[in-house]
There are 2 protein chains.
Amino acid sequence: MVGIADVARHAGVSTATVSRALSGAHNVSPATRLRVEASAAQLGYVVSSTASSLASGRMKNIGVVVPFLNRWFFASVVEGAQQALQRHGYDLTLYNLTGGLEARRSVFEHFLLRQRVDAVIAVSLELTEHEVARLHALDKPLVGVGGPLAGVPTLTVDDLAVARLATEHLIALGHTRIAHIGGDKAFDLDFNLPTNRRFGYEAALAAAGIEARREDYRPADFTTAGGYQAAKQLLGRPHERPTAIFAASDEMAIGSMLAARDLGLVVPRDVSVIGVDDHEQAAFFGLSTVAQFPRQQGEKAVEVLMEELRPHPEPRTGLNINMPFELIVRASTARPPE
Amino acid sequence: MVGIADVARHAGVSTATVSRALSGAHNVSPATRLRVEASAAQLGYVVSSTASSLASGRMKNIGVVVPFLNRWFFASVVEGAQQALQRHGYDLTLYNLTGGLEARRSVFEHFLLRQRVDAVIAVSLELTEHEVARLHALDKPLVGVGGPLAGVPTLTVDDLAVARLATEHLIALGHTRIAHIGGDKAFDLDFNLPTNRRFGYEAALAAAGIEARREDYRPADFTTAGGYQAAKQLLGRPHERPTAIFAASDEMAIGSMLAARDLGLVVPRDVSVIGVDDHEQAAFFGLSTVAQFPRQQGEKAVEVLMEELRPHPEPRTGLNINMPFELIVRASTARPPE
DNA sequence: CCGATCACTGCAAGCGTTTGCAGGATGATC
DNA sequence: GATCATCCTGCAAACGCTTGCAGTGATCGG
């Protein structure tokens with residue numbers, strides 16, 4: 001192993017100077033810096049992060065906690081965060097809560113506490129007060145993505161507005177009988193997201209003077225299969241059939257389109273469908289949707305964190321940052337049948 | 001911060017003993033161990049991983065490198081690995097190569113070298129000799145998932161056999177005109193996987209005395225959309241139409257099913273479709289497929305690594321481990337039309 | 001021309017564990 | 001009862017960096 005001492009010797013300076021030169025401190029003469037950098041490069045020296053961390057207290061490492069990885073949304077957030085971190089020279093260590101309560105406990109009682117991360121990004125996670133406290137105790141910055149977290153800076157899309165936008169799009173097309181496939185109550189990993197989207201949907205209807213019928217709402221589990229089932233039920237009643245469906249996720253929306261087809265209905269002639277996410281398959285299915293941009297959310301979370309990590313000049317700033325979303329109209333929505 | 005010294009004082013022993021007791025060394029009396037553990041728990045002590053790493057040279061951390069995260073297969077492998085690692089008390093730090101060559105270089109020339117990981121798992125990555133050498137130089141164990149890697153223990157499914165199995169299934173049903181949607185040549189992130197699957201397909205045909213027609217092969221990009229396009233072409237010729245399609249991935253197979261429908265064909269009456277992966281959507285679409293088990297691959301990779309990490313009694317063992325796969329017959333395959 | 005200021009650089013004390021070595025008990029052996 | 005192995009435990013030296021502090025010339029203002 002080539003250590004800092006080797007570089008120091010090779011460059012004819014002290015290890016202190018090497019350290020400073022390589023970490024970009026300002027109090028090193030340009031000539032020395034150049035010499036040191038050359039030596040380091042020549043010897044293939046890379047600073048030992050453990051030693052550096054121990055001495056400095058900085059880990060150059062961020063913990064990212066996700067409920068699971070296996071879904072497009074989460075994977076995209078993580079991917080975005082990873083790339084942003086890499087640009088900043090940070091590592092990303094991944095904590096996954098798929099393992100159940102046991103795993104969750106061990107993450108919060110153990111893994112996150114062993115001084116390995118400078119900060120934590122929690123994605124779509126409803127943290128308990130105790131968990132937040134645990135992290136605050138270390139005073140490691142914590143930022144959330146997706147859903148307000150008490151006392152924690154968080155990036156969210158305004159789910160209410162998203163749902164309203166989608167619903168208004170259908171209303172503007174002339175639909176008056178609009179069904180909604182929302183989140184299952186049990187599926188509460190994501191905050192009150194399902195609830196918020198439902199509220200947005202109802203708000204839009206109300207604003208247009210349309211009554212929200214109870215039988216036009218179906219909960220599902222955010223999967224294609226779940227959306228399919230729900231849509232089958234919604235569209236199965238020939239006379240009482242809604243002319244449009246707003247699904248709280250693209251996966252469910254795609255399921256709905258397939259259900260419609262299987263019922264002999266043509267989208268969008270007989271029924272319009274709109275989702276949320278702009279899932280990678282949405283374009284393929286010609287699905288209208290309200291896009292959110294998970295990669296960007298990951299990147300933005302990192303930015304916020306980097307700011308938070310900077311030697312605090314002022315106390316921390318705004319606690320809640322709204323992320324953009326955008327209506328994308330494709331082929332799955334149109335005027336209702338006459 | 002509560003350090004090891006606090007625990008030592010509280011338990012009335014030396015820090016050395018605390019360290020040994022907590023790390024499960026065998027030379028601590030049961031009574032002492034209990035006392036130490038109690039003190040540690042009471043004080044909420046968690047060992048500082050940096051200090052521990054610096055002193056011991058063990059990081060309790062594994063680097064996992066993936067080409068991208070955004071695909072079901074990779075996300076699943078990572079998820080499996082993550083959970084297995086967590087059980088072993090290891091962290092997982094994630095390196096993503098989506099960022100292009102620049103990112104790739106920085107990962108291999110910098111991130112992996114700074115003594116932060118004990119070992120590396122490379123998923124579906126074709127490493128250059130130089131990259132492998134770089135890692136070997138640190139003599140960090142390295143295991144690959146998916147595709148043989150020169151001189152590196154690797155977990156693979158036998159792609160040739162997988163393809164043969166799928167094709168044989170179609171042949172056994174009576175099909176003689178079987179098309180194949182394979183991997184695009186440009187899409188070479190995954191080893192020669194596309195090529196191997198094609199060979200398996202051709203081998204099965206040959207073994208059954210069926211000639212493989214060039215026009216029955218179409219390359220695509222492993223997406224649903226790509227599969228859709230390819231299938232449209234394959235099925236677009238009324239007379240020359242194949243009665244079955246073997247797609248090299250479930251995404252492409254699903255695209256094929258949708259293409260068939262749009263052409264007015266009924267699956268499996270008019271055309272059978274089979275894929276590879278057992279993607280999470282496969283069951284929903286009733287897609288027959290050859291399953292591989294990415295989560296398990298991730299877990300197994302960790303096991304192999306843990307073995308490799310154990311103080312080498314013997315030189316390393318077998319270099320290539322074959323992972324299981326399995327034919328799953330659903331509704332998308334049947335006898336060909338009369 | 002002198003003291004003050006400034007820009008660099010080196011010295012050495014940590015950072016919080018782990019672990020080889022040695023010492024003290026205790027028990028086993030003859 | 002002496003000898004020796006065995007089992008625990010403590011001492012203190014690493015581990016490889018960072019950084020406060022002090023020291024050295026050089027530069028500058030008066």
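Reckoned from all heavy atoms, side chains included, excluding hydrogens, waters and symmetry mates. Predicted model only: the values in this text are computed from it and were never measured.
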Which letters describe nucleotides 13-18 of chain C, given B = protein heavy atom under 4.0 Å from base, S = only from sugar-phosphate, - = neither? -BBBBB
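- Summarising the geometry, the separation between NE2 on B/His26 and P on D/dT9 is reported as 13 Å, rounded to the nearest angstrom.
- When the P atom of C/dA7 is taken as reference, atom CZ of A/Arg33 falls 14 Å away, rounded to whole Å.
- As rounded to whole Å, 15 Å separates atom C1' of D/dG16 from atom CZ of B/Arg114.
- Atoms CE (B/Met59) and P (D/dC15) sit 14 Å apart, rounded to a whole Å.
- Looking at residues two or more places apart in sequence or on another chain, you find no salt bridge (charged side-chain N to carboxylate O under 4.0 Å, His left out) involving A/Arg33.
- Computed from coordinates, the B/Asn27 CG to D/dG10 P distance equals 12 Å when rounded to whole Å.
- Other residues, nucleotides and ligands contribute more than 12 heavy atoms inside 6.0 Å of the NE2 atom of A/His88.
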Dump the intermediate steps for side chain to side chain contact (heavy atoms under 4.5 Å, CB included) on A/Val78 and B/Leu94, then the final yes or no. CA-CA 10 Å; A/Val78 173; B/Leu94 186 69; 3.8 Å; yes
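- Among D/dC8, C/dC8, C/dG10, the nucleotide with an atom closest to any side-chain atom of B/Ser29 is D/dC8.
- Using a cutoff of 4.0 Å between basic side-chain nitrogens and carboxylate oxygens, B/Arg71 and A/Glu280 are scored as salt-bridged.
- If you measure from atom CD of B/Gln115 to atom P of D/dC17, you get 9 Å, rounded to the nearest angstrom.
- Ion pair A/Arg310/A/Glu307 flagged as a salt bridge, since at least one NZ, NE, NH1 or NH2 atom sits closer than 4.0 Å to an Asp/Glu carboxylate oxygen.
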Side-chain atoms of residues 5-16 of chain A: list all donor-acceptor pairs with protein atoms under 3.5 Å, sequence neighbours left out, distances to 0.1 Å.
{"unit_1": "A/Asp6", "atom_1": "OD1", "unit_2": "A/Arg9", "atom_2": "NH1", "d": "3.3"}
{"unit_1": "A/Asp6", "atom_1": "OD2", "unit_2": "A/Gly3", "atom_2": "N", "d": "2.7"}
{"unit_1": "A/His10", "atom_1": "ND1", "unit_2": "A/Ser39", "atom_2": "OG", "d": "2.8"}
{"unit_1": "A/Ser14", "atom_1": "OG", "unit_2": "A/Ala16", "atom_2": "N", "d": "3.4"}
{"unit_1": "A/Ser14", "atom_1": "OG", "unit_2": "A/Thr17", "atom_2": "N", "d": "3.3"}
{"unit_1": "A/Ser14", "atom_1": "OG", "unit_2": "A/Thr17", "atom_2": "OG1", "d": "3.3"}

